[in-house]
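Sequence positions, counted from 1, serve as the residue numbers for this chain. Only a predicted model underlies this, so the values are computations on that prediction, with no experimental measurement involved.
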Amino acid sequence: MRKIWLPLLFTLVGFALIAVRQADQAASQKSEPGKPRLRVVLALPTQPSNAGWFVGIEKGYFAEQGVELVNQPHAIGLQAQDAVIRGRADLALVADTPVMFAVMRGADLSIVATTYSSRDYMALVARGDRGIARAADLSGKKIGYVPNTSGHFFLYSLLLANGLGSGRALPTVVSPAESVALIGSGALDALVSWEPTLTEAKAAIGASAVVFHGPELYTVRFSLVGLSSYVSTHPAELKALLKGLMRANDFIREQPEQARLILAKSLHGPQPAVVEALVPGDYRISLDQGQLITLEDQARWALKEDLVPQQPVPNFLRHMDLTTLVDIAPENVTLVR
């Protein structure tokens, strides 16, 4: 009799434990209906390069993946990255040059994925009324730039390509907040920047504004980055975010006009030229060898110009997350490892 009752008793206990666990789960879901399981604070620059993130937030794609995404707005990527380094945000969207500077100054950052790339993102806008009609005319002119940004590297590349190195132009440090006023007042002859500041600078100059892009010089990439300690311990959040962003990028390709409306709303109603600059093909998630080469090139430039402590060029491959994107879209990873 004992041999019969013992297995039966264990079976009943097992069923009871399962029932209790299911009841607990149901109670938990009932007490917090619809609440996402994962919370991420994202330092997000209000720039057209981040249209995919704005679309994903607006359309609820991140929430569908179980993420409560807290949008922490910033003017530029450098400020967004600083929020991560200071522990005020979990992740940030930032271009490659600030990442290079941060790594070479000791920050342990990891690039999760590139989310935007463009050859036309960066440009120089100049005052034609100062006799500037071509890049060579920048000789002796005051050119504003924000240090430690991709604009900093773009200006160096543009001047070098046009034979204006060795002090032949006058690069001038400005802050993002003051740049438009300075070019509009004539305190600067030219300004290196990106949208929406470029459109604002052109409007401030007026009819004489001249723009130089230089797409052959530099491909700007915006990436999702975080402290390596966060990236290595939050795989679920990272995968959910990238899956939501992939849906948003599909929406941009399939309905670009609707995406432009969302972008305009997210940028607080910029001029139409800013929104029309949205190019659907620029919004793609990847990790590619070109980014690694760019980071190394920028590191050599920073060392040559004494912008960072002297050191060997870092192995930036160690600062790339080689697990998250490989798990969900391995075909988008073209790094040579």
Side-chain angles (χ1 to χ4, degrees), residues 41-45 47 49-50 72 74-117 121-122 145-157 173 176 194 218-235 237-238 241-242 285-326 333-337:
V41 178
L42 179 66
L44 186 59
Q47 299 172 2
S49 54
N50 296 318
Q72 185 186 94
H74 293 269
I76 63 174
L78 180 64
Q79 296 168 350
Q81 178 180 268
D82 186 62
V84 165
I85 293 173
R86 293 177 179 272
R88 297 171 182 167
D90 300 316
L91 299 165
L93 271 298
V94 60
D96 37 26
T97 310
V99 176
M100 178 276 297
F101 274 117
V103 168
M104 297 192 76
R105 290 168 178 161
D108 189 10
L109 295 174
S110 288
I111 297 172
V112 179
T114 294
T115 60
Y116 171 88
S117 61
Y121 176 79
M122 198 70 58
Y145 72 96
V146 179
N148 302 325
T149 67
S150 292
H152 193 170
F153 182 68
F154 175 80
L155 177 57
Y156 161 79
S157 303
V173 172
W194 47 84
Y218 179 30
T219 298
V220 175
R221 294 172 176 85
F222 261 72
S223 297
L224 180 67
V225 306
L227 292 176
S228 297
S229 57
Y230 179 90
V231 170
S232 64
T233 56
H234 292 78
E237 286 89 339
L238 299 177
L241 285 175
L242 292 188
I285 300 176
S286 66
L287 278 175
D288 66 77
Q289 190 69 14
Q291 183 174 29
L292 198 59
I293 293 171
T294 296
L295 288 167
E296 291 171 351
D297 287 345
Q298 292 180 345
R300 284 187 281 271
W301 157 69
L303 289 165
K304 176 186 174 184
E305 299 293 321
D306 288 325
L307 300 173
V308 294
Q310 290 301 306
Q311 60 192 284
V313 172
N315 181 358
F316 287 102
L317 188 60
R318 295 177 180 172
H319 294 274
M320 291 187 168
D321 171 28
L322 301 179
T323 58
T324 305
L325 191 57
V326 168
V333 181
T334 59
L335 287 168
V336 177
R337 289 169 275 172

Would you check if N148 and P98 make a side-chain contact, meaning some heavy-atom pair closer than 4.5 Å? no
Between the side chains of D321 and T324, does any donor sit under 3.5 Å from an acceptor? yes
For residues L322 and L335, report the shortest heavy-atom separation together with the two atoms involved. CD2-CD1, 3.5 Å
Search all heavy atoms of P309 against all heavy atoms of L303 and return the closest pair with its distance. O-CD2, 3.6 Å
Quick one: side-chain contact (heavy atoms from CB on, under 4.5 Å) partners of S110, sequence neighbours excluded? S228, V231
Residues V112 and L238: closest non-hydrogen pair is CG2-CD2, 4.1 Å
Sorted by first residue and then second, give each salt bridge (Lys or Arg N to Asp or Glu O under 4.0 Å) pair with at least one member in residues 94-109; sequence neighbours left out. none
Side chains of Y145 and S150: do they bring a donor and an acceptor to under 3.5 Å? no
Do we see a donor-acceptor contact under 3.5 Å between the side chains of Q291 and T114? yes
Test side chain to side chain donor-acceptor pair (under 3.5 Å) applied to E237 - qualifying residues, sequence neighbours left out: none
Which atom pair, heavy atoms only, marks the closest approach of V99 to V94? CG2-CG1, 3.6 Å
Do Q47 and Y116 come close enough that some side-chain heavy atom pair is under 4.5 Å? no
Could you tell me which non-hydrogen atom of T149 sits nearest to which non-hydrogen atom of T97, and how far apart they are? O-CG2, 3.4 Å
Stepwise side chain to side chain contact (heavy atoms under 4.5 Å, CB included) check, L287 with T334: CA-CA 6 Å; L287 278 175; T334 59; over 6 Å; no
Would F154 and W301 count as a close aromatic pair, with their ring centres under 6.0 Å? no
Could you tell me which residues satisfy side-chain contact (heavy atoms from CB on, under 4.5 Å) with A299, sequence neighbours excluded, listed by chain and number? M100, M104, V313, P314, F316
Please tell me if the side chains of I285 and L325 come closer than 4.5 Å, counting only heavy atoms from C-beta onward. yes
Is any side-chain heavy atom of L42 less than 4.5 Å from a side-chain heavy atom of L224? yes
May I ask you to check whether Q298 and Y218 show a side-chain donor-acceptor distance below 3.5 Å? yes
For S117, which residues count as a side-chain contact (heavy atoms from CB on, under 4.5 Å) partner, sequence neighbours excluded? T219, R221
If you take all heavy atoms of P147 and H152, which pair is closest and at what distance? CA-ND1, 3.6 Å
Summary of salt bridge (Lys or Arg N to Asp or Glu O under 4.0 Å) pairs that have at least one residue in residues 76-86, sequence neighbours excluded: D82-R86
